[in-house]
Engineer: 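Structure below; questions to follow.
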Amino acid sequence: MVRGTIAALVGAVLAVLAGHSAGETVDVVQPHHLPPAECPHGCAVWSDLASSGSDVNQTAVDELWRSKAAQAAAGSKCAQPGRSPFSDGNTVGGYAGAYCFCAVELPTDPRVGYCLSAPDTPEQINLQVSPAPDTLIAAFVTFGPSTQGVSPIAQVGTDAELKGPDTVEYTGVTHQYLSPSSDNGVPQPVRPYNMHFVPITGLKEKTTYYYRVASGPQNASSNVPNATVCHGWTCTVQNQFCPPGTPGATPPSGDRCCSGAWVPGDAPCSVGWSDIFHFRSLYAAGSGVGDGQTRVAIFGDMGMMSDGNTMHGNILRDAEVGLVDAFVHMGDHAYQMSSADDRRGDGYMNNYQPLATQVPWIPVIGNHEYYDNAYFHRYLNQTFGVQLPEGPVPAGFCGHDNGCADADELSGRHPTLAPGEKITADSALGTLLARTRVVAHSAHPHTTASVPANGVPSNTSRWYSVNVGLIHMVALDIMVYPGSTPDPGPADHPYAVAQRAWLEEDLSAVDRAATPWVLAFAHHPLYCSSTTMGKGTSEAPEGDSILASDAAWGGPEQGELTQEQRDRIPQGKGYAGCLGTGVVGVNARKDLEPLLLQHGVDMFLAGHEHDYESIWPVKDCAIGSPNCYIGTSFDTPKAPVHVVCGEGGTNGGDHFGSNWGPWTRKQLGQDTPGECTTLSSGGPTQGGCSAGYGRITAHNSSHLTYEYVLNVNGSVWDSFTIHQPHHSPFA
């Protein structure tokens, strides 16, 4: 478990305060978590530590919270305050989830610790976009004895208390995932996760619904707290053991808090429903409901850090006023999801919960989902699939570098399905479920006569497509190309071949009358000009430019800029390549761009580079290419428009220096002259003023607006509108 001294925590807190921004930071309270093992007398009251026997500096702790009202309401519950230093793995400050300061000081450190998940209690709740606009997936996690074979449930209706006549109960599926049992190489006990997925079908378009979830009917009893006490402690947290009477003693395996009363026995009690959340349903194109526009937020590289937490609040604000209906996260989710034996991922998903329970999301895979013994497993299991294929798995869809594993490895991570067990949930993404088997995204999408399929099943969890209103959205995996992490090898790797074949079939099947706009999303960009990660990193070999590094990889892009390309670069600038993405972007562009052009894909959006860059319509623009086309307008573009939006909240923006691509329109990075001081009203934030997210509004079949919104103050820094009257192949 990741721990640290209070001195280290306070030092990290002060560093965050020095760069505090005015965005809509979210304070996240986890009322159902149990106090840390380090705190035998429970958690101190956040707003009055001394009253609980803690001598931690109250002023420093107060500054962790954005909202004093939220701090007061938190009481002694576990929390992730919005200004916590989430990023440092050597301190307790949100790195691995909710935490608290201990009541009744102990003679030695630590006096703070990470809270524990309550058995059989829903957490990490999120809504995933389905292939059908009248369906969303309620996904959540519980810990405790396996509930495989027991159907999880969601109760949904338009009444805020779920007491109306239209309240419906839906059932779903559960599978078990096992943690990597490692924390920075130190063995840890294996922790089994029950991952639940409940399809909510038949939703009316653009309607506000309320819902709650439980891991199964046996766990859906009502919880009515009362004043029953044990050693002076009120029973308020499900499954919490009765605290001992002797300070510092280990809690006995005796009485548990169940439904407001202390009861004897070791067996977990019924945990009841989750809290009630609400969402606004999605819609099909041309539904005639509302103004007919489609609104989506996009970003990459958010992590679980204070700047990313600011973005949560900004997007929630946008959703509340109707500016965002769904969002896309373009990879590098938690840095890393499996760190601290997957507790980093737990903290990330719980910190994400206030946003993801209200606004459905579309995840994209990034290179950081591979690290810390993850091999993509945690990500692929957290985002689930539609239906287990009948018969054998298609050749080439399971291998270690695809996030799958062989039978021996899977036996430790993904238990085998019971004979005849069938997966019936449908969601935004496929995942691994059982030994040598793959759950196929969209393998059997929920469709009706009025909700036709629009796109092609991918039969894998790493590339897929969904529709939201006027937009056909394609998620792609760039980790299948040479130069990525892990490096999959030659450009004709089976997964690159499989993705390309699927993409061609999917794009060919799109009905542009129903979804006129086609947008592709990936983690790595195909065109960019950031310089930060440069030579000597894991993703770019030694060399001062992409020309040198590409030659070292034996890649396709070598040579000098053409005169026309040089003429597009402003005086005092130059182009040395996109050093952070390196040769992987070159190889991906060589493979994917012909299909984007052939099928008239309107935009390609990516992250990875921790900055913002908007790019003119561009095609065939390898260095030195005589066929390079770069547009000068978004009116009837003759090529896809590219955007890099990879500073969702990493608390550290990348640099451009004097690097400027021939295709570059605007740049905003950590070193953009004059911008940070101006935009931050006196000084840059911890992550730089470039941190932000994109808002896409498809107004109709011919006009689409892209805006870049800053985390620091919620203002729109960049905006452009694409006018495309004819969605057709780019010649």
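Heads up: numbering here begins at 1 and tracks the sequence.
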Engineer: Show the nearest heavy-atom pair for residues A70 and D27, with the distance to one decimal.
Structural biologist: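 Shortest heavy-atom separation between A70 and D27 comes out as CB-OD2, 3.9 Å.
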Engineer: Please round to the nearest 0.5 Å and tell me the distance separating atom CG of L162 and atom OG1 of T167.
Structural biologist: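 Going from CG on L162 over to OG1 on T167, the span is 5.0 Å.
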Engineer: Do L519 and I298 come close enough that some side-chain heavy atom pair is under 4.5 Å?
Structural biologist: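 L519 does not reach I298 side chain to side chain.
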Engineer: Where the side chain of H333 meets the backbone of V364, is there a donor-acceptor pair that is under 3.5 Å apart?
Structural biologist: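 It does hold such a pair.
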Engineer: Considering only heavy atoms from C-beta outward, does the side chain of M473 approach that of S465 to under 4.5 Å?
Structural biologist: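 No, their side chains stay 4.5 Å or more apart.
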Engineer: Quick one: does N711's side chain have a donor or acceptor within less than 3.5 Å of a partner on G648's backbone?
Structural biologist: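 It does hold such a pair.
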Engineer: Give, for atom CD of E123 and atom OH of Y193, the distance between the pair rounded to the nearest 0.5 Å.
Structural biologist: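 The distance works out to 8.0 Å.
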Engineer: Between K77 and Q30, is a side-chain contact (heavy atoms from CB on, under 4.5 Å) present by the stated rule, with each step listed?
Structural biologist: CA-CA 7 Å; K77 298 181 179 69; Q30 303 292 350; over 6 Å; no
Engineer: Have a look at L476 and tell me which of F521, Y464, W502 forms a side chain to side chain contact (heavy atoms under 4.5 Å, CB included) with it.
Structural biologist: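 Only one of F521, Y464, W502 forms a side chain to side chain contact (heavy atoms under 4.5 Å, CB included) with L476, namely W502.
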Engineer: Which heavy-atom pair separates H329 from Y348 by the least distance, and what is that distance?
Structural biologist: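 Between these two residues, the closest heavy atoms are CD2-OH, 3.5 Å.
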Engineer: For S281, is there any backbone N or O sitting under 3.5 Å from a side-chain donor or acceptor partner on T207?
Structural biologist: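 Checked: no pair found.
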Engineer: Side chains of N126 and Q128: do they bring a donor and an acceptor to under 3.5 Å?
Structural biologist: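 Indeed, the side chains of N126 and Q128 share at least one donor-acceptor pair under 3.5 Å.
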Engineer: Do we see a donor-acceptor contact under 3.5 Å between the side chains of H196 and T142?
Structural biologist: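 The answer is yes; a qualifying pair exists.
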Engineer: Evaluate V296 against V328 for side-chain contact (heavy atoms from CB on, under 4.5 Å), listing each step before the verdict.
Structural biologist: CA-CA 8 Å; V296 178; V328 183; 4.0 Å; yes
Engineer: Between E169 (side chain) and I153 (backbone), is there a donor-acceptor pair under 3.5 Å?
Structural biologist: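 Here the side-chain-to-backbone pair does not exist.
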Engineer: Please state whether the rings of Y211 and F277 are parallel, tilted or perpendicular, taking 30° and 60° as the class boundaries.
Structural biologist: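 Aromatic pair Y211/F277 classed tilted.
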Engineer: Might you work through the side-chain contact (heavy atoms from CB on, under 4.5 Å) test for Q155 and W273, ending with a clear yes or no?
Structural biologist: CA-CA 9 Å; Q155 204 172 60; W273 294 98; 3.9 Å; yes
Engineer: Could you state the interatomic distance from CD (Q80) to CG (N350), rounded to the nearest 0.5 Å?
Structural biologist: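 With rounding to 0.5 Å, CD (Q80) is 6.5 Å from CG (N350).
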Engineer: Going by atom types alone, do Y693 and D318 pair a side-chain donor with an acceptor below 3.5 Å?
Structural biologist: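 Yes - a donor-acceptor pair under 3.5 Å links their side chains.
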Engineer: Examine distances only and state if a side-chain atom of R344 and a backbone atom of A334 form a donor-acceptor pair shorter than 3.5 Å.
Structural biologist: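 Checking the backbone N and O of A334 against the side chain of R344, a donor-acceptor pair under 3.5 Å is found.
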Engineer: Is any side-chain heavy atom of R191 less than 4.5 Å from a side-chain heavy atom of R343?
Structural biologist: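 Counting from C-beta outward, R191 and R343 do come under 4.5 Å.
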Engineer: Between F327 and F299, how do the two ring planes meet: parallel, tilted or perpendicular, split at 30° and 60°?
Structural biologist: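 Parallel, since the angle between the ring planes stays under 30°.
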Engineer: Keeping the roles fixed (side chain from T294, backbone from A698), state whether a donor-acceptor pair exists under 3.5 Å.
Structural biologist: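 Side chain of T294 to backbone of A698: no pair is present.
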Engineer: Does any donor atom in the side chain of Y335 or D301 lie under 3.5 Å from an acceptor atom in the other side chain?
Structural biologist: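 Looking only at side-chain atoms, D301 and Y335 do form a donor-acceptor pair, the distance falling under 3.5 Å.
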Engineer: Answer whether the closest heavy-atom distance between the side chains of S130 and L136 falls below 4.5 Å.
Structural biologist: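 SC-SC contact between S130 and L136 ruled out.
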Engineer: Please round to the nearest 0.5 Å and tell me the distance separating atom OH of Y209 and atom NZ of K204.
Structural biologist: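 That separation rounds to 6.0 Å.
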Engineer: Take C100 and C43 through the test disulfide bond (SG atoms under 2.5 Å apart) and record every step on the way to the result.
Structural biologist: CA-CA 6 Å; C100 75; C43 298; 2.1 Å; yes
Engineer: Is any side-chain heavy atom of L282 less than 4.5 Å from a side-chain heavy atom of P360?
Structural biologist: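 Yes. Closest side-chain heavy atoms under 4.5 Å.
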Engineer: Measure the spacing between CZ of F197 and CZ of F140 and express it to the nearest 0.5 Å.
Structural biologist: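 Going from CZ on F197 over to CZ on F140, the span is 9.5 Å.
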Engineer: Verify the distance criterion only: is there a donor paired with an acceptor across the side chains of D166 and T158 at less than 3.5 Å?
Structural biologist: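 On atom types as modelled, these side chains qualify, holding a pair under 3.5 Å.
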Engineer: Quick one: closest heavy-atom pair of V198 and A154, and the distance?
Structural biologist: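 Shortest heavy-atom separation between V198 and A154 comes out as CG1-CB, 3.7 Å.
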Engineer: Less than 4.5 Å apart, side chain to side chain, heavy atoms only: is that true for W46 and C78?
Structural biologist: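 No, too far: nothing below the 4.5 Å cut-off.
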Engineer: Tell me, do P119 and L34 make a side-chain contact under 4.5 Å, heavy atoms counted?
Structural biologist: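 Yes, their side chains come closer than 4.5 Å.
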Engineer: Looking at every non-hydrogen atom in both residues, tell me the closest pair between M349 and W361 and how far apart they are.
Structural biologist: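 Heavy atoms of M349 and W361 come nearest at CE-CZ2, 4.2 Å.
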Engineer: I365 and H523: side-chain contact (heavy atoms from CB on, under 4.5 Å), yes or no, with the steps?
Structural biologist: CA-CA 7 Å; I365 196 168; H523 182 59; over 6 Å; no
Engineer: How close do C645 and M330 get, heavy atom to heavy atom, and via which atoms?
Structural biologist: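 Looking at all heavy atoms of both residues, the closest pair is O-CE, 3.6 Å.
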Engineer: Determine the minimum heavy-atom distance between V129 and V468, stating which atoms define it.
Structural biologist: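 Looking at all heavy atoms of both residues, the closest pair is CG1-CG2, 4.3 Å.
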Engineer: Atom CG of N314 and atom CG of L323: how far apart are they, to the nearest 0.5 Å?
Structural biologist: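 Atom-to-atom, N314:CG and L323:CG are 11.5 Å apart.
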